[in-house]
Structure formats: structure tokens, C-alpha cells
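Here is the structure we will look at, set down as C-alpha cells.
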Amino acid sequence: MDLGSFYIALAVQDLKVSRAFYEKLGFTVFDGKEEQNWLMLRNGETKLGLFQGMFEKNMLTFHPSDVTAIQESLKNADVELAQEVNDSSEQVYISLVDPDGNPILMDQM
């Protein structure tokens, strides 16, 4: 199962403060919209998402090329999915929670 690219999505209190902090660690913005309260940062191969007011907990995020195939594979393995969205016009994603309560998002871009 190819999960594609990976990043940690951080639920931050203040996007500007968090951006300034991670820029001091060598991260630079490569995507996002500050006016929409989200930014994607990169430091080498490491990616980090900063999201203000969009979700409650930090989450693991994967960008596979075929979310639907992974969705079927997980269902066949009796993995419970928390959310499934397949709006063929734009959004395709699934979410699940690991045994320790950590949220995982898999979305197709």
C-alpha cells in the first residue's frame, strides 16, 4: 500500500507565531494561504503543515495517488474509518484513528 507523501499537520493557536518559530528552525513556506489560516512549510525533505482553527488535534497526513484503493484495502482488513468523502469533482479523503487516538488523514490532491 503506497501512502504517498507525508507530513505532520499541526493545530496551532497563532499561525504567525508558529510560522516565525519554525522559520527559525530553517523551514520555509512553500504553499498555503495565510488569510485562510493554513501554511505548508518545508525544510529539506521534511514537510510541516500549520493550521489555525481547522481541527483540534495534530494529525498524521498522507497524500496517496489513489485514496479509493487504500479505502477498500483498509475496509477489507476490518480497519474502521472515521470519515469517508468521495466527491469525484474535488475532494477524495478518508480519516481514521490509530489505537492511541492519533488522527490520520489520507487525501488525494
Side-chain angles (χ1 to χ4, degrees):
M1 178 181 319
D2 181 6
L3 298 178
S5 66
F6 169 78
Y7 70 90
I8 299 285
L10 297 178
V12 301
Q13 298 292 318
D14 186 316
L15 187 64
K16 291 178 195 253
V17 170
S18 294
R19 175 184 181 171
F21 174 81
Y22 284 102
E23 285 178 337
K24 290 176 185 176
L25 295 178
F27 284 86
T28 57
V29 173
F30 72 93
D31 197 6
K33 296 187 178 182
E34 196 162 358
E35 67 276 6
Q36 293 179 357
N37 292 327
W38 69 281
L39 293 171
M40 293 297 300
L41 289 79
R42 176 181 291 146
N43 183 334
E45 295 296 313
T46 304
K47 294 183 202 171
L48 184 64
L50 304 178
F51 299 87
Q52 180 181 326
M54 297 178 125
F55 47 86
E56 293 181 26
K57 295 175 80 174
N58 300 334
M59 74 175 78
L60 307 175
T61 307
F62 297 91
H63 294 295
S65 59
D66 189 352
V67 171
T68 305
I70 292 173
Q71 178 181 17
E72 290 305 313
S73 178
L74 293 173
K75 283 182 172 183
N76 290 336
D78 293 324
V79 174
E80 183 179 340
L81 300 177
Q83 191 172 24
E84 302 174 63
V85 174
N86 192 344
D87 175 357
S88 59
S89 65
E90 291 199 21
Q91 293 185 322
V92 178
Y93 66 89
I94 59 174
S95 65
L96 56 151
V97 179
D98 78 8
D100 295 301
N102 298 303
I104 300 169
L105 174 70
M106 296 182 192
D107 68 341
Q108 204 162 304
M109 298 187 82

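Just so you know, these numbers come straight off a predicted model, no measurement behind them. For the single chain, residues carry numbers from 1 onward in sequence order.
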So [Y] and [X], do their side chains get closer than 4.5 Å, heavy atoms only?
X   : Y   : value
I94 : I70 : yes
R19 : E34 : yes
K47 : S5  : yes

Check whether [X] and [Y] end up in the same hydrophobic cluster, where Ile, Leu, Val, Met, Phe, Trp and Tyr are linked by side-chain heavy atoms less than 4.5 Å apart.
X   : Y   : answer
L60 : L81 : yes
V17 : W38 : no
F21 : V12 : yes
L50 : I8  : yes
V67 : F62 : yes

Please report the closest heavy-atom contact between [X] and [Y], naming both atoms and the distance.
X   : Y   : result
L48 : L10 : CD1-CD1, 3.5 Å
N58 : A11 : OD1-N, 2.9 Å
T46 : F27 : O-CE2, 3.9 Å
Q36 : M54 : O-CE, 3.8 Å

Which distance, rounded to the nearest 0.5 Å, do you find between the [atom1] of [X] and the [atom2] of [Y]?
X    : Y    : atom1 : atom2 : value
F6   : I104 : CZ    : CD1   : 9.0 Å
F55  : L105 : CZ    : CG    : 8.5 Å
E35  : L15  : CD    : CG    : 10.5 Å
F30  : M40  : CZ    : CE    : 4.0 Å
N102 : M59  : CG    : CE    : 11.0 Å
Q108 : N86  : CD    : CG    : 8.0 Å

For residues Y7 and H63, establish whether the separation of their ring centroids is below 6.0 Å.
->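 Yes; H63 has its ring centre under 6.0 Å from that of Y7.
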
Look only at the side chain of S73 and the backbone of A69, and say whether a donor-acceptor pair between them is shorter than 3.5 Å.
-> no

Classify the side-chain pair Q13/Q52 by whether it contains a donor and acceptor separated by less than 3.5 Å.
->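 Judged by distance alone, the side chains do not pair up.
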
Begin from the C-alpha positions of L39 and D31 and carry the test side chain to side chain contact (heavy atoms under 4.5 Å, CB included) through to its verdict.
-> CA-CA 6 Å; L39 293 171; D31 197 6; over 6 Å; no

Got more than 12 heavy atoms from elsewhere within 6.0 Å of CD, E45?
->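 Open.
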
Chi angles and distances behind the side chain to side chain contact (heavy atoms under 4.5 Å, CB included) call for L96, E80 | CA-CA 7 Å; L96 56 151; E80 183 179 340; over 6 Å; no

Taking it one step at a time, do V29 and E23 satisfy side chain to side chain contact (heavy atoms under 4.5 Å, CB included)?
-> CA-CA 8 Å; V29 173; E23 285 178 337; 4.1 Å; yes

For side chain to side chain contact (heavy atoms under 4.5 Å, CB included), just list the numbers for L74 and M1, CA-CA rounded to whole Å, side-chain angles, deciding distance to a tenth of an Å, and then say yes or no.
-> CA-CA 10 Å; L74 293 173; M1 178 181 319; 4.2 Å; yes

